[in-house]
Amino acid sequence: MKELPKSYEPQKYEDAIYKRWEESGFFNPDNLSGEPFSILFPPPNVTGVLHLGHALENSLMDTMVRYQRMKGKKALLLPGTDHAAVATQAKVEKDLIKQGHLHPREEYGREKLLDIIREFAESSKATILNQIKKMGTSCDWSRLAYTFDDKRSLAVNIVFKKMYDHGLIYRGYRVVNWSVKGQSTCSDDELVHIERDAKMYTFKYSKDFPLVISSTRPETKLGDTAVAVNPKDERYQKYIGQTFVVDVGAQKPLNIKIIADDGVEVDFGTGALGVTPAHSAVDYEMYTKQKAQGTPIDLIPVIGIDGKMLAAAGDKYVGLTVVEARTKFVEWLKENDLLIKEEDVKQNVGTSDRFGDVVEALPLTQWFVDVNKIIPSKNKSLKDLMKEAVTVGHNGDTNQKIKITPERFEKVYLNWIGNLRDWCISRQIWWGHRVPVWYKGEEIYCDLKAPEGEGWSQDEDTLDTWFSSGLWTFSTLGWPDDLKDMNAYHPTSWMQMGYEIIFFWMARMILMTTYTVDAIPFKEVYIHGMLRDEHGKKFSKSANNGIDPLDAIKEYGCDALRLSLLSGISPGNDSAFYKEKIEGSRNFVNKLWNISRYVFLQIEKADKNILKPQVKTLSDKWILSKLETVKAETEKLLDRSDFSLAIENLRTFTWTDFADWYVEIAKVEGGKQEILNYLLNTILKLWHPFIPFVTEQIWQEIYEDEMLMITKWPKAEEMSDDISDDISEFEIVKNIVTGIRTLRADNKIEPAKKLDAMISAGVRLKLINDNSGIIKTLARLEVLEIAEQAQKSKTATSFVEGGVEVFVELAGAIDLDKEKERLQKEFELLTEYVNGLEKKLANEEFVKNAPPAVIEKERQKLVQAAEKLDKIESQL
RNA sequence: GGGCAGCUAGCUCAGUUGGUUAGAGCACCUCGUUUACACCGAGGGGGUCAGAGGUUCGAAUCCUCUGCUGCCCACCA
């Protein structure tokens, strides 16, 4: 066969291989047969280029889908991108501002700005799709989707209308999170809480007001309409229900009603809470409660959407920013001797994750998804649907239960649902799906298209980007028009995502999918952690520690990148990524290449269909049984999404067992063409899902027109008992050889003693096996030469008797007798324990008097211990 | 305030229902290399598994407490 170059240069092959895969048509499952298997791409935002986190996701998904494809499934990996409403608009506006267009929205107007954003998004999208190809990702490009294309927009409108008709989407005036900088609402989940220093002011509204309150936002007190106390608080009970009129400088004197609320803590501060219904979500809830009880309180907005004080705040404050107003109000408190205390405190405030400013709570008319309302005909709320999908299964069907890996995120998710409030879905930005609602005077019309007739105008707002992402698993599979893909691939088989979007995305997909198509969106979800640098820091622009995956691919190759990303990780936990790691992977890829290079040199004509190679020697038996084990383990681990451990096992097999031991022995024993061929075929297949390029390249170097990507996954076979005896014999040989090598390298040992020990080791080898070629091998490797020398010298006289002991003592590694002794000891101890337990369980008194649970437990212990005992016995 | 995770070799991390002498990669030391591979080979050093109790024949693994580190949630005004 032809000779391979000395080292693997990925840059020479990768693009051509990808092209060949793509042109083969096998990325498209329509060209495959078997059971369907599907993975949906978490669509990357079209806000920029892909980073290492995306590279990790690509590696995870592609490894899984290639594995399933080789297992003979119709494997679909469906790619897509996300228009990422607010993120994209914020990014484009930021760039425009940098270029000197300080007020992009005013300068360009809606249509023109949308054009600019669209242009950016399209070019970004093209970059991203190209990067996905560079990662070797085997996705079906014919099914490419975008959250903002026509098909997805149609799905959005249909779902909106359905929810609207069911009363699950409603328009209401409520306190929402408002980003002044972004001039838009944001949902509770889009808030990033940061801790900052603040001052807590303790004061009275007026001299004769009976209660003292505290606040870090005194300027909002210009809109207070109540003071809440705990109904059990004896100090204040007498005031509950009374109303006091105070003048704090607002436009009108305030009517402050003393109300009772269980949420107020008696021991916190003064135990009295100034209630500002217009500028606090909590206070707003009290306001609605009071209203429902028929004891309404006022609601006075004093802060506007521009972040400045409104007229209602009073002449002194109108037009000031909140910070200016705060200073002024505190001055006023001081002047009037109302300020009692001023102290420094740490405070958590919510900031907009996209615009970065501290979010104001404001009452506005917005669109909401009601998560508690009972859905007509289902007798359940959206919250209930979200819960049951991961607990009892959708509609109580355990086949429709989502498995989350690692499990702990299930609790996190359920806890989140517990705290969930109605989801504000309308945004005042322009880049996104327009709310499909039209108005004409008092009339409201919701449908897929504008109503007939004059005078209708569409709602100006757009939808939260997660509304459309929530539909992703089914909107990409032809819903609602063409259900062919839906029927085959939904619920999708496997999904992966970072833990940071569990609430944003996983939760919304579960909500939308169970509600709309009456099924779970995916059967399994694998949660991965975040990548960090070698110091545990996040990769970020500001820290300037970023690694561009494309650079890494250029330098080390895609396979090395993929392998390093999937090694040493565990689900849900962050992992460090650094140069040495990818270098190690690159070295492995090259090792695999060189193993192949060696095999190439050995075999004349390769055969890809060897099923059972002829076994001649102990070493053959050993390596083949190791291979069976690693086959079985790889399959088991991949089925469990344990990529890391699968790689570790495969690596040990390939490098240590195959290359370092077997190949070295094969060089001496000779005649191994068939086995080497078979071993190479098999490990190429096993490695292919992880490192597709190098394996495919080697495969095609051997078998030319064949494509590794669609070969059958090797199936593990059961090992018989007598083989396992041979295996342990070979392990002993290995240990002895290692012992000899260790001895040789040890210069502190007296030469005569060393010689004795090494010769005795040689004798031991002879005792173990004499007809398999092993001795010849090992002799060539280490011993024979020395043994010959020793026999010539006088020191060899006592080697048989004394040498064994010396060797054992010095090499330490392979004392079978000692090992037996240790096992014997453990066996005895366990036997005693088991006997004790049996006696106890046979004792009538004990059985009569002990609680059944205790007896059961003892029984279980007995079973366990007995099992262990059997195991030891078989080893003895 | 509530919850979750992590603390295992110099570094980054595995360790799946408790069970042989706790592992890997990288780094380090010694030796080797005209041999498939220096992106290499052989050997070696290095860990009382954060600490303290407890359960058990047996604990890195289970329980309790403590200490750091990080994350998430939350209406402490």
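Numbers restart at 1 for each chain; the letters A, B, ... are given by sequence-line order, proteins then strands.
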Calculate the interatomic distance between [X] atom [atom1] and [N] atom [atom2]; express it in whole Å.
X      : N     : atom1 : atom2 : value
A:L637 : B:G15 : CG    : P     : 11 Å
A:E648 : B:U12 : CD    : P     : 17 Å
A:R532 : B:U69 : CZ    : P     : 15 Å
A:K672 : B:A36 : NZ    : C1'   : 17 Å
A:F503 : B:C4  : CZ    : C1'   : 11 Å
A:D262 : B:C76 : CG    : P     : 17 Å
A:D574 : B:A5  : CG    : C1'   : 10 Å
A:Y413 : B:C71 : OH    : P     : 25 Å

Between [N] and [M], how far apart are the two [atom1] atoms, rounded to whole Å?
N     : M     : atom1 : result
B:G2  : B:U8  : C1'   : 30 Å
B:U12 : B:C7  : P     : 12 Å
B:A60 : B:C31 : C1'   : 35 Å
B:G25 : B:U20 : C1'   : 25 Å
B:C29 : B:C71 : P     : 36 Å
B:A9  : B:C49 : P     : 10 Å
B:C75 : B:G54 : P     : 43 Å
B:A27 : B:C11 : C1'   : 7 Å

Which nucleotide sits closest to the side chain of [X]: [options]?
X      : options             : answer
A:R586 : B:A36, B:C39, B:C72 : B:C39
A:N590 : B:C75, B:A36, B:C39 : B:C39
A:R408 : B:A77, B:C4, B:C75  : B:C4
A:F268 : B:U16, B:A77, B:A36 : B:A77
A:Y578 : B:U12, B:A5, B:A36  : B:U12
A:D660 : B:G41, B:A77, B:C13 : B:G41
A:N419 : B:A36, B:A14, B:C73 : B:C73
A:N348 : B:A77, B:G41, B:A74 : B:A74
A:N573 : B:A5, B:C39, B:C73  : B:A5
A:H193 : B:A74, B:A36, B:A5  : B:A74

Sorted by position of nearest nucleotide on RNA chain B, 5' first, the leading residue of A:K411 and A:E9 is A:K411
Per nearest nucleotide of RNA chain B, the residue lying toward the 5' end, A:Q347 or A:R597, is A:R597
Looking at [X], does any N or O in its side chain come under 4.0 Å of the phosphate oxygens OP1/OP2 on [N]?
X      : N     : result
A:N415 : B:C72 : no
A:K579 : B:C26 : no
A:S570 : B:A14 : yes
A:W655 : B:G41 : yes

Run the side chain to side chain contact (heavy atoms under 4.5 Å, CB included) test on A:K199 and A:D344 for me, step by step, so that the C-alpha distance in whole Å, both residues' side-chain angles and the decisive distance to 0.1 Å come before the verdict. CA-CA 5 Å; A:K199 284 202 190 306; A:D344 293 323; 2.8 Å; yes
- Query: Hey, is A:K667 close enough to A:E664 for a salt bridge, meaning N to O under 4.0 Å?
  - Reply: yes
- prompt: Below 4.0 angstrom, N of the basic side chain to O of the carboxylate: do A:R217 and A:E360 qualify?
  reply: yes
What does [X] touch in the nucleic acid at a heavy-atom separation under 4.0 angstrom: a base, only the sugar-phosphate, or nothing?
X      : answer
A:V834 : nothing
A:L645 : base
A:R651 : sugar-phosphate
A:E265 : base
A:A576 : sugar-phosphate
A:A228 : nothing
A:K581 : nothing
A:S644 : nothing
A:S280 : nothing

With a 3.5 Å limit on both atom pairs, tell me what [N] is paired to, counting Watson-Crick and G-U wobble, or say none.
N     : value
B:G46 : none
B:C13 : B:G23
B:C73 : B:G1
B:G32 : B:C40
B:G67 : B:C7

Does A:Y13 have its ring centroid less than 6.0 Å away from the ring centroid of A:Y8?
-> yes
When the ring planes of A:F643 and A:Y526 are compared, do they come out parallel, tilted or perpendicular, using 30° and 60° as the limits?
-> perpendicular
Between A:W416 and A:F503, what is the ring plane arrangement, given parallel below 30°, perpendicular above 60°, and tilted in between? parallel
Checklist line | side chain to side chain donor-acceptor pair (under 3.5 Å) between A:T288 and A:E285, worked out | finding: CA-CA 5 Å; A:T288 45; A:E285 262 174 41; over 6 Å; no
Donor-acceptor side-chain pairing of A:T831 and A:E828 below 3.5 angstrom: no
Practice item. Test A:Y413 against A:M386 for side chain to side chain contact (heavy atoms under 4.5 Å, CB included), laying out the working first. Key: CA-CA 9 Å; A:Y413 167 78; A:M386 289 165 93; 3.4 Å; yes
Open item on the list: For a quick check, tell me whether the side chain of A:K591 and the base of B:C37 share a donor-acceptor pair closer than 3.5 Å.
Closed with: yes
Please evaluate residues A:R408 and A:E410 with respect to the criterion salt bridge (charged side-chain N to carboxylate O under 4.0 Å, His left out), reporting the C-alpha separation (whole Å), side-chain torsions for both, the decisive distance (0.1 Å), and the verdict.
CA-CA 5 Å; A:R408 65 171 188 274; A:E410 192 181 305; over 6 Å; no
